[in-house]
Amino acid sequence: GENVEQHPSTLSVQEGDSAVIKCTYSDSASNYFPWYKQELGKRPQLIIDIRSNVGEKKDQRIAVTLNKTAKHFSLHITETQPEDSAVYFCAASTGANSKLTFGKGITLSVRP
Amino acid sequence: KAGVTQTPRYLIKTRGQQVTLSCSPISGHRSVSWYQQTPGQGLQFLFEYFSETQRNKGNFPGRFSGRQFSNSRSEMNVSTLELGDSALYLCASSLLGSYEQYFGPGTRLTVT
């Protein structure tokens, strides 16, 4: 089955700096890659996603890139703010309404 | 639109008991998936329902079961609770044919 790995497990950046979180996946059939943000005590929130027919997608300060050949995808956050501090999960699935396989999550801390 | 709702939000049970958790999807969403979130294992897929049918199941023992009603609301049941079942149980809903899954706030189950 699919295996999604996420590195590093923690990341600390200074406010205003950029943060990059990387994930790798194993199943070449995976074609959908969402990113979720989970603040303490709250639900995972879908913040951005990408499908395998696209190499990059941007939404204001966040972007996701996908390298299908290398089977990895990354989340980029620019101009980080303290409210970006949270746990970020990457995931992969093989189609619509399909199960999501998650990475273990990364704790991002943005220092004011 | 109202988001995914889950009840109850918190539960404390003792070993050997059983528990039923409920999930109401976003209006119009007919696919409901359940995930278990623990600090050690992260987010793991339990099962997915569409049109009252279980279409996919994760690698959990038979003590974990679920069902979906004609109004798309879903329940999951855990019988003969074990200490290791303590977790946050999340459900996510999606439109048929859609890749995006939206999570509820979860039910925090503590087994003592």
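In the text below, chain A, chain B and the rest are named by the order of the sequence lines, each starting its count at 1. Bear in mind the structure is a predicted one, so any value in this text is a computation, not a measurement.
Residue B:F47: no heavy atom, backbone or side chain, is found under 4.5 Å from chain A. Proximity to chain A (any heavy atom under 4.5 Å) is shown, for B:R108, by neither the backbone nor the side chain. In this structure, chain B has a heavy atom under 4.5 Å from the side chain of A:L46, while its backbone stays farther away. Proximity to chain B (any heavy atom under 4.5 Å) is restricted, for A:S98, to the backbone atoms N, CA, C and O. Of the atoms belonging to B:L90, it is side-chain heavy atoms, and not backbone ones, that fall under 4.5 Å from chain A. Heavy atoms closer than 4.5 Å to chain B are found in both the backbone and the side chain of A:P44. Looking at B:Q101, both its backbone and its side chain come within 4.5 Å of chain A, counting heavy atoms on both sides. With a 4.5 angstrom heavy-atom cutoff, B:Q6 does not touch chain A via any of its atoms.
Residues B:Y99 and A:R51 meet the side-chain proximity criterion, which asks for heavy atoms closer than 4.5 Å. Within the 4.5 Å cutoff, the side chain of B:Q44 has no heavy atoms near those of the A:T101 side chain.
At most 12 heavy atoms of other shown residues, nucleotides or ligands fall within 6.0 angstrom of atom CD in A:Q60. Summarising the local packing, CG of A:L40 is surrounded by 12 or fewer heavy atoms from other residues, nucleotides or ligands at distances under 6.0 Å. More than 12 non-hydrogen atoms from other residues, nucleotides or ligands lie less than 6.0 angstrom from CG of A:D59. The environment of B:Q17 atom CD is dense: over 12 non-hydrogen atoms of other residues, nucleotides or ligands sit within 6.0 angstrom.
Residues B:G97 and A:N97 come closest through the heavy atom pair N-OD1, 2.7 Å. Here the closest non-hydrogen pair linking B:L88 and A:Q38 is CD2-NE2, 4.2 Å. A:R43 and B:P105 make their closest contact through NH2-CD, 3.6 Å (heavy atoms, listed as atom of the first residue, atom of the second, distance). Residue B:Q41 comes nearest to A:K104 through the heavy atom pair O-CE, 3.5 Å, listed as atom of the first residue, atom of the second, then distance.
Counting heavy-atom pairs closer than 4.5 Å to chain A, the top residue among B:G106, B:G104, B:S31 is B:G104.
Using the six-membered ring where Trp is involved, A:F102 and B:Y35 have ring planes that are perpendicular, over 60° apart on the 30 and 60° scheme.
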